[in-house]
S.K.: 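Next up is a structure, given as structure tokens.
Reminder, nothing fancy here: chain letters follow the sequence lines and each chain counts from 1.
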Amino acid sequence: MTAATDSSPLLARPMRFLRADIWTVGTIFFAALIATPILTVLILAASPSGDIWNHLASTVLPRYIRTTLGLMAGVGAGTAVIGVAAAWLVTLCRFPGRRVFEWALLLPLAMPAYVVAYVYTDILEYAGPVQEILRQVFGWSSGRDYWFPEIRSLGGAASMMTLVLYPYVYLLARIAFLQQSACVLEASRTLGLGPWRSFFSVALPLARPSIVIGVSLAMMESLNDFGTVDFFSVETLTAGIYDVWLNMNSTVGAAQLATVSLVFVLALIGAEKWSRRSQRFYSTSSKYRPLPNYHLKGARAAIAFAVCVLPIAFGFLVPAGVLLNYAARFYEESLSANFLTYAGNSLMLSSISAALAALLGLFMAYGVRMSGNPILVAASRLASVGYAVPGAVLAVGVMIPLARADAAIDGLMRNLFGIPTGLLLSGTIVAVTYGYLVRFLALSYGTAESSLAKVTPNMDGASRTLGMSPGRTLRRVHFPLIRGSVLAAAILVFVDCMKELPMTIILRPFNYGTLATQVHQFASDELLEESALGALAIVAAGILPVIILSATIRGTRPGHSGEKG
Amino acid sequence: MKKFIVCLGLIALLPLVPPPAAGEANLKEASPGEVNLYSYRQPFLIKPMLDEFTKRTGIRVNTVFAKKGVLEKIKATPGVADAVLTSDVGRLNDMSEAGVLLPVKSDILEKNIPVQFRHPGGLWFGLTMRARILFVSKKRVKQAEATSYEDLTKPGLRGRVCIRSGKHVYNISLIASIIAHKGEAATRIWLEGVKANLARKPGGNDRAQAKAIYSGQCDIGIGNTYYMGKMQTNRKKRAQRKWAASIRIVFPNQAGRGAHVNISGAAIIRGAKNRTNAVKLIEFLSGDFAQKFYADQNFEYPVKPGVPVSPIVKSWGDFKADTISLTTVAKHRRAASKLVDLVDFNNSTKSSNN
Amino acid sequence: MSSLLLENIHHAYGENRVIRGVSAEISGGEFVCLLGPSGCGKTTLLRLAAGLEPLMNGKIIIGGAIAADPKAGIFVPPEARGAGLMFQDYALFPHLTIFENIIFGIPNPAPDRLRSVREGMDDMGIADLADAYPHMLSGGQQQRAALLRAMAPRPKVLLLDEPFSGLDVSLRAQVREETLSLLKKTGVAALMVTHDPQEAMFMSDRILVMNRGKIEQAGTPREVYQFPATEYIARFLGQTNILPGIVLDSGYDEIMTSIGPVPCLSMRGLEFGTDAFISIRPESFMLEPDGPFQAEVMGIRYGGHYAILEVEIVGEIGKGQRLRIHAHSNWRIDVGERIRFRVIPDFVTVIEDAAPNGD
């Protein structure tokens, strides 16, 4: 990589007016569409909520915020360390098992956090086998005789989430490392820095934008998680939102708390932007030599092996093993007649949503790149905060405008043609798909945005001056260049949709179920064993995409398409 | 590349394809032979009863199972759902306060359901009853040591009590009933007393409290009656039978106001398009077949007088239930939730390390 | 008909006015260089012409059609302008082969177009690399591919942004000639941006020297070099001696300077008696035993085909004035020696504003 050229970014100069081309109009339209439910929640939050706010502020709000910050910090640090270390090792080092770790490290992604929480509670709580054995071995008679970390705690929740969320960081860091030119690393080595210092002073800072995105995704997921924190009674903002909503019967209060959590997200996004500041990371060099491979031997290889195998074991193998065991014993109870239908529904909903999210994310990111107009940038940002809003709250935000739209369409159709259309949107899986998009667009938009940012604007310029319209430039230049990232985003969305619960439950039509709702109906009645089959099916459905994902990012290394090796 | 885009595009268009039969019910207004039901109760608990209902009447039941957002859904799309089934009186109360319920006058319902288990204006109807009781260790708790909710604050129980999250709807309901009887100040002192006695930070579910007692982490827990029945009779999960076996059931406050009870219930939604069918469904659920099913399969107490409880439940003996109006209890839920916040109940400083 | 017409272009990034009223015209078959230091706005001008930057003020006409005219609300997008642009970093698409890169701009090429592309690749010596990917090519090969790619759609005007700056010196000369011959063969009008005066003079039919957002001088390489209009250009294009002087009567073709009268053909129409400065290029001095000026050699540098002498005037007029003089390499002169010389008028010009110094 050489220093960036002195050419200014393509059309990225703020213009004083918006041009009415399809990209600008389309981006604004989609951004508005996706932001509507979020705005609905904000509008809801603007109504008075009685004395709830006083109560919250004087009692739990500081605690909620403290706990939430603690959780986010824990998950952020945990996912960053595991994700970056594993990505660096499998990308630049050679040691036994590396080829398997490359994809296996992604597996925990398919595991719902609350399932992992259930499994580890069984294992690690006082009555669980671990403490049981400890007590027998050391002759302790009760909990007063020894110290053991309490799993139902903030630390426990952060650990559980770290186990299933680190793959975000791993994935993005790995892509970033793969896309780094060997030259910068070599330059650093020739300047007298050892491999370790080269990593910390060159490779890591260069990969930082991707890592920061991965970490902030993980933190946002931890922010909106309810299943785990509820099970552990860890009082985060999201737990508070549900409490205010369901126990104090105040939708408005819940929306207000959700707004507070949005502030967290905006701060996070702000921090991410700030960390990038004016740096631009175009890969200006078109020369890519094979990345160096550090051959690890002996103790080093063993350490590398452990660093990679532990997250896989704890984040996937152990919970999957427990689930498998349960599923084998309880498949009669859990294999209802609708199981296959539910699996089909899950697959279809998730594929549709993943495809739509990938297309919309790419469209909007490209639209923003083309125009650079601050209005567009802000709109797209707003459209991608849905990721951090607790699903059930967001579902309410989805439901209200959809129902309004339905009423409007129904009235119009009745008046014009005498045909009542009923709940065309809110009563069908359109609502669920829309909900998923609102929730997960951040994944595909963020990925598309950051990978587009790595394409030098001169590529746009070259294509445009060679007679290609913006659309054809996207198709012929950008898309092939960032195809891997777009596919990666689609797969992330797919896996997340498979796991998604609260929105599916609230927005689905009558008699409609998915694997996640199947898991939920048992899990909500404390029947983890019976829910295992469904959970396992979700995990299984996630494995193939995850392996494809790994193969895809392998190919994201520029120049890989042309030559083997 | 083109193929990829075309593929993505085709997949993206899929939602426009009308969904198969199941989802179609709500595209049109429900046909006369249907009833649309929102259920807080798990499908596997109610499906056999609904199937029987359909068999007898020919009326198809379309269901959505959800535990959150139901009230908002009813408000946003009025007329879509006809009836709602809940597992707690609090939800019914929320809905009646929100004005989304339709009053029903039905001789069958009034005959089947005693007056304390239904809304005076016919807005909602209790279908089953459960008590929130004490699970106590057979080995480590003496008969007289804990006989009431108030006993849980006794100094002798320091470090021996465990409970699920104070914010859980079952505990909120219990706390609300104590507020209804004794006022907020006394309830706060009670909560603080329980907190001081906790063996560990509140968490897990009701069965987890039994497990903790079995393993010796604590001696006394709080749980719903039917969980005891489910643990005692669990064929496949032998461990749960062991947990249950280590526990004695104590119906609290038998010398006083009686044990706190809650109901699962049903209501008709304002604007219901299939009102008649919906009333038929609730009537069916209050009838002998369904009441017996609830009793046998889920170890709940049927509300209909004369319907026998299951043998297991019978073996626990009769108990005196708190007769305070459930509507009154429900009104204190918000206060109960706030008290839990005020005493910081869920952040017990006690933990397994003591 | 002009291929590219720029009319009174203004452009600013925020408060920073990078282009301040530039007008220029490039005709078919012409090769014009925009020469200037980095940051003078020349690349911006190129991007404005290509349509990669929205025009704020002025008018751009390409091939007779208005490409941008903000006053009339016209902004033709880059793909519809018929302007080819070759980037400094070549911007070859890394996911396409060299051949795919080159035909990128002609999506459904007719057989004759394909043939001419193949010929071009042959001429440029990259025919064998058709199926290679950009990262497998050397800098020079990438440069040729980028040039062919920009030329393939047969643009009305070709814009080149520092096309040779990434090449090493030995390669640069060769690639320049190849590029020129390809351009002359196709007859396309070309506008090249460069900061290298040698390159500009070598390649251009005309040079537009830009400084601080304005074109300071336009002319053939010879005109610009021999008769720079400003001190800035005089110094930017090569070594020079700047002396203060007074313009003499029009009949004389001489200017009175601090070292005495110097012949000068370019008075820029200044009136008799006006104070002015003159620029005398080092090659404008001719060593002659009976030349009118006498100086002592203070230092000698060897420059290959000439020697650079640092001299100090020893005559009465202008005593102590230092000058830089080129002498043919065959002269054998030592430091401390006295030489005599005269000034030939070919590389002497009056410039409008300058501060004298003894550089």
S.K.: Taking side chain as everything from C-beta outward and backbone as N, CA, C, O, which of these in B:A208 sits under 4.5 Å from a heavy atom of chain A? Side chain, backbone, both or neither.
M.R.: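 Only the side chain of B:A208 comes within 4.5 Å of chain A.
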
S.K.: Less than 4.0 Å between a side-chain N and a carboxylate O, is that true for A:D243 and B:K338?
M.R.: no

S.K.: Sort and list the pairs that fulfil ring pair (Phe, Tyr, Trp, His ring centres under 6.0 Å) and have at least one residue in residues 60-98 of chain B, not counting sequence neighbours.
M.R.: A:H520-B:F65

S.K.: Is chain B contacted by the side chain of A:Y434, its backbone, both, or neither, given a heavy-atom distance below 4.5 Å?
M.R.: neither

S.K.: B:V70 versus chain A, heavy atoms under 4.5 Å apart: side chain, backbone, both or neither?
M.R.: neither

S.K.: May I ask you to name which of B:G79, B:A81, B:S173, B:G203 has the most heavy-atom pairs under 4.5 Å with chain A?
M.R.: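 It is B:G203.
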
S.K.: Where on A:L507 is there a heavy atom nearer than 4.5 Å to chain B: the side chain, the backbone, both, or neither?
M.R.: backbone

S.K.: A:M248 and side-chain contact (heavy atoms from CB on, under 4.5 Å): which single residue from B:D94, B:I172, B:D341 fits?
M.R.: B:D341

S.K.: Of all the heavy-atom pairs spanning A:I506 and B:G69, show the shortest one and how long it is.
M.R.: CD1-CA, 3.9 Å

S.K.: Grab the two heavy atoms, one from A:T251 and one from B:E72, that are nearest each other, plus how far apart they are.
M.R.: OG1-OE2, 2.8 Å

S.K.: List in chain and number order the residues that pass ring-ring contact (aromatic ring centres under 6.0 Å, His included) with A:F330, two or more places apart in sequence or in another chain; answer none if no residue qualifies.
M.R.: none

S.K.: Could you look at B:R41 and say if it's the side chain, the backbone, both or neither that has a heavy atom under 4.5 Å from chain A?
M.R.: neither

S.K.: Heavy-atom distances under 4.5 Å only: say whether B:L71 touches chain A with side chain, backbone, both or neither.
M.R.: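 Side chain only.
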
S.K.: For A:N511 versus B:V64, what's the shortest heavy-atom pair and its separation?
M.R.: N-CG2, 4.4 Å

S.K.: Any sub-3.5 Å donor-acceptor pair from B:R333's side-chain atoms to A:L246's backbone N or O?
M.R.: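 Yes, the answer is positive, given that a donor and an acceptor are paired below the 3.5 Å cut-off.
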
S.K.: Which bit of B:Y214 comes within less than 4.5 Å of chain A, counting heavy atoms only: side chain, backbone, both or neither?
M.R.: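 Neither part; nothing is under 4.5 Å.
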
S.K.: Could you look at A:A395 and say if it's the side chain, the backbone, both or neither that has a heavy atom under 4.5 Å from chain B?
M.R.: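 No part of it gets close to chain B.
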
S.K.: With chain A, which of B:G90, B:A212, B:P43, B:S165 has the greatest number of heavy-atom pairs at distances under 4.5 Å?
M.R.: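 Top count of heavy-atom pairs under 4.5 Å with chain A: B:P43.
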
S.K.: Please assess B:N346 against A:R63 for the test side-chain contact (heavy atoms from CB on, under 4.5 Å), listing each intermediate value before the final yes or no.
M.R.: CA-CA 11 Å; B:N346 281 347; A:R63 196 155 73 221; over 6 Å; no

S.K.: Ignoring hydrogens and geometry, is there a side-chain-to-backbone donor-acceptor pair from B:K201 to A:F232 under 3.5 Å?
M.R.: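 Yes; at least one donor-acceptor contact below 3.5 Å.
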
S.K.: Does a salt bridge link B:K236 with A:E529, judged by any charged N lying under 4.0 Å from a carboxylate O?
M.R.: no

